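Taking it in order: structure first as structure tokens, then the write-up.
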Protein chains: 2
Amino acid sequence: MVTIADVARHAGVAASTVSYVLSGKRSISSDTRERVQRSVRALGYRPNASARALASQRSNVLALVIPLRTGMHVPVMMQFAAAVVTTARRYDHDVLLLTADEGPEGLQRVAQSSLVDALVVMDVELDDERVPVLRELPMPSVLIGYPADSEGLTCIDLDFVAAGARCVDHLADLGHRSMALLGTPSAVYERQTGFAQRTLTGFAEAAGQRGVVGVETPCEHTFAAVLGTVERLLHDHPDLTGLVVQNEPIIGPLLDVLRRLGRRVPEDMSLVAICADDVAERQVPQLSSVTIPAERIGALAVESLITKLSGAEAPELTLLPPEFTARGSSGRADDSDTTTGQGERTVDRRA
Amino acid sequence: MVTIADVARHAGVAASTVSYVLSGKRSISSDTRERVQRSVRALGYRPNASARALASQRSNVLALVIPLRTGMHVPVMMQFAAAVVTTARRYDHDVLLLTADEGPEGLQRVAQSSLVDALVVMDVELDDERVPVLRELPMPSVLIGYPADSEGLTCIDLDFVAAGARCVDHLADLGHRSMALLGTPSAVYERQTGFAQRTLTGFAEAAGQRGVVGVETPCEHTFAAVLGTVERLLHDHPDLTGLVVQNEPIIGPLLDVLRRLGRRVPEDMSLVAICADDVAERQVPQLSSVTIPAERIGALAVESLITKLSGAEAPELTLLPPEFTARGSSGRADDSDTTTGQGERTVDRRA
DNA sequence: GTGAAAGCGCTAACAA
DNA sequence: TTGTTAGCGCTTTCAC
């Protein structure tokens, strides 16, 4: 293994000089700098990560705590993770992968052993047992999603309340008077997952404000569940003409079910989803949707951590305003063969 | 921060004694051991990871290199990753997440800086530029999938050749004489990805051996692509009665397309998939399938690395025999209202 | 069965 | 602008 001493000897300088050339933390004459850089390349030197971490009290590693539970939407998780890793690398950091089932103890383990410098925690519940632990930890963290009390934390999330409301508004603007929210599996609500609850809140509030009927129901991921749920909805609410879906895996089956039941989209039933853009665009017809900005949230999370690691402050709660795109799946309630969709995107200014 | 010196002082012993109590690398009188353990708990001591890594030349971290490219099947990746992390934790290791787009340089970076002790590399191509790098690296690695030349490596994979053949055999056993392989998007084949190529090989060979017609086609992930591909297949091969699918995201759309085209499954068209069990079971009808044992492969990969880290040898190439489960989606070619499926599972003994 | 002490390879005062 | 040196917190030899 090539050490900094080898490089120093090869370049005829002190080890500290090599260190300073590499870190740029003090000015070096261009002559020595070049000699050192040549030696580094000639010997193929790579600083030893542990030695560096031990001496500098910084591992340059971020922890990413990812859920692997039931009901979570996998592709979105991957997008998050990819964005976190990519952004971390841009700031010269690596990412240690933890699963949520290590629990609060896992956070303490990697933090207190100085394995990582900071943490990104995904899928935060309203009353999350990891939150008090994070508050006490001697290092910065960022939550994706946010608990009931976000004081003293740094949280980033899509504004799901506004997203739910945005969907209602879109449908109400098109003249729909009766609509339903097809949500995540009930297990997700029972875990008190923030995003599911908040969408529901936004949906219900907006329905009240707009004076339209808004019913809500969870839905499991099986075809049978989708069929059963939709049949029940249509039976209980025969005048239902609008559907808001926050449950990515059932989107395909849902379109299929509607077809089977003889409801055309958008002529007989308007559909709005809260999902990734590529999923919305892959359907037939393409879905009007509020996008889930996984990449932006992941990148923002890492950037907040880097900010905090540099000693600066980061905002307590960052809610991204929902971006709505009208596509072919939603149309006027009273006009059974017109669609809205030209793909224009709007940003909710209320957030 | 609590250091080993603090613990030593608190327990009235030398630092080395604390170290030995923790590692169990030499015998300690039960008296001192208990006193030390009490002090560890009382002070909430956690060994510093970098110091330990520096002194012991072992970081206890494994690198996991995961692809985030187009055409890759996301849920399976997550299952792999989850299994790798969970298994690594069982052996007291952590997992550093790298994306494949860091390339060979990324492997060198984490290996030569001693950030990690070993690597798991996923989604290996037949002629993968990372393979020569891995061969030179001063630490063990395991590949998921395998290149054309696996000499001197440790590779683990499902036996996709046997899997492709198994699907053909199942359909041929049911009397089907003309079948098609609906594969991954063409980009995956163009990247010379091993699993796609090998399934194709197994499919073609078995079709030849069984004397049945076997045609192959890639298929993109859009609904339109599925519809177009199936229409073309049916047009070019009007007697087609069997379909083998190796492309998880199109499974839902495919069932839908067949329904639209008036082909009942399994009465008019038998379907066999190569996919995760839960995906197969979620469909209507449930799909006969060869499972992708992501969890087992992930766990095996980590265990091989742990073995190699302990200085022992690991086999060059481990191919898991395909496990086939007959479900409701496949039936006799000549008997348009019988299905095979009682869920019995068979293991291909040829592998 | 236990302790003392020498590093592991690097960073960052402190000196010059 | 550069060099000297004292750690960072742990493991592991060596000595008893």
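All values derive from a computational prediction rather than experimental measurement.
- The distance from the CD1 atom of B:Ile28 to the OH atom of B:Tyr20 is 9.0 Å, given to the nearest 0.5 Å.
- Within the structure, a side-chain polar atom (N or O) of A:Thr32 is placed less than 4.0 Å from OP1 or OP2 of D:dT2.
- Not one side-chain nitrogen or oxygen of B:Lys25 sits closer than 4.0 Å to the OP1 or OP2 atom of D:dT11.
- Distance A:Ile4 CD1 to D:dG3 P: 12 Å, rounded to the nearest Å.
- If you find the closest nucleotide of DNA chain D to B:Ser50 and to B:Tyr20, the one lying nearer the 5' end belongs to B:Ser50.
- Remark: of the listed residues A:Ile66, A:Val65, A:Val84, A:Ile297, A:Ile66 is the sole one forming a side chain to side chain contact (heavy atoms under 4.5 Å, CB included) with A:Met122.
- At the heavy-atom level, A:Ser29 lies under 4.0 Å from the strands shown only through sugar-phosphate atoms.
- Between the C1' atom of D:dG3 and the CZ atom of A:Arg9 lies a distance of 16 Å, rounded to the nearest Å.
- One finds a salt bridge joining A:Glu105 and B:Arg46 here, because a Lys/Arg side-chain nitrogen approaches an Asp/Glu carboxylate oxygen to under 4.0 Å.
- The distance from atom CZ of B:Arg58 to atom C1' of D:dT11 is 13 Å, rounded to the nearest whole Å.
- Taking only side-chain nitrogens and oxygens, B:Ser56 never comes nearer than 4.0 Å to OP1 or OP2 of D:dC10.
- OP1 or OP2 of D:dC10 sits under 4.0 Å from a side-chain N or O of B:Tyr45.
- Across all non-hydrogen atoms, the minimal contact from A:Ser59 to A:Ala53 is CA-CB, 3.8 Å.
- Side chain of B:Ser113 to main chain of A:Ala49: no donor-acceptor pair is present (N/O by atom type, distance under 3.5 Å, no hydrogens or angles).
- Nearest to the side chain of A:Ile28, among D:dC10, D:dC8, D:dT2, sits D:dT2.
- Place A:Arg26 and A:Asn48 on DNA chain C by their nearest nucleotides, and A:Asn48 ends up nearer the 5' end.
- Comparing B:Arg52 and A:Ala55 against DNA chain D, the residue whose closest nucleotide sits nearer the 5' end is A:Ala55.
- The separation between A:Gln57 atom CD and D:dG7 atom P is 14 Å, rounded to whole Å.
- Judged by distance alone, with hydrogens and angles left aside, the side-chain atoms of B:Asp117 form a donor-acceptor pair with the main-chain N or O of B:Asn60 at under 3.5 Å.
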Give the table of side-chain donor-acceptor pairs shorter than 3.5 Å for residues 135-145 of chain A, with sequence neighbours excluded, one pair per line with atom names and distance.
unit_1: A:Arg135; atom_1: NE; unit_2: A:Glu151; atom_2: O; d: 3.0
unit_1: A:Arg135; atom_1: NH2; unit_2: A:Asp149; atom_2: O; d: 3.0
unit_1: A:Arg135; atom_1: NH2; unit_2: A:Glu151; atom_2: O; d: 2.7

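- Within the 4.0 angstrom heavy-atom criterion, no nucleotide atom of any strand lies near A:Ser23.
- Distances shown here put every side-chain N or O of B:Ser16 at or beyond 4.0 Å from the OP1 or OP2 atom of D:dC10.
- Running 5' to 3' along DNA chain C, contacts with non-hydrogen atoms of chain B at under 4.0 Å begin and end at C:dG1 to C:dG9.
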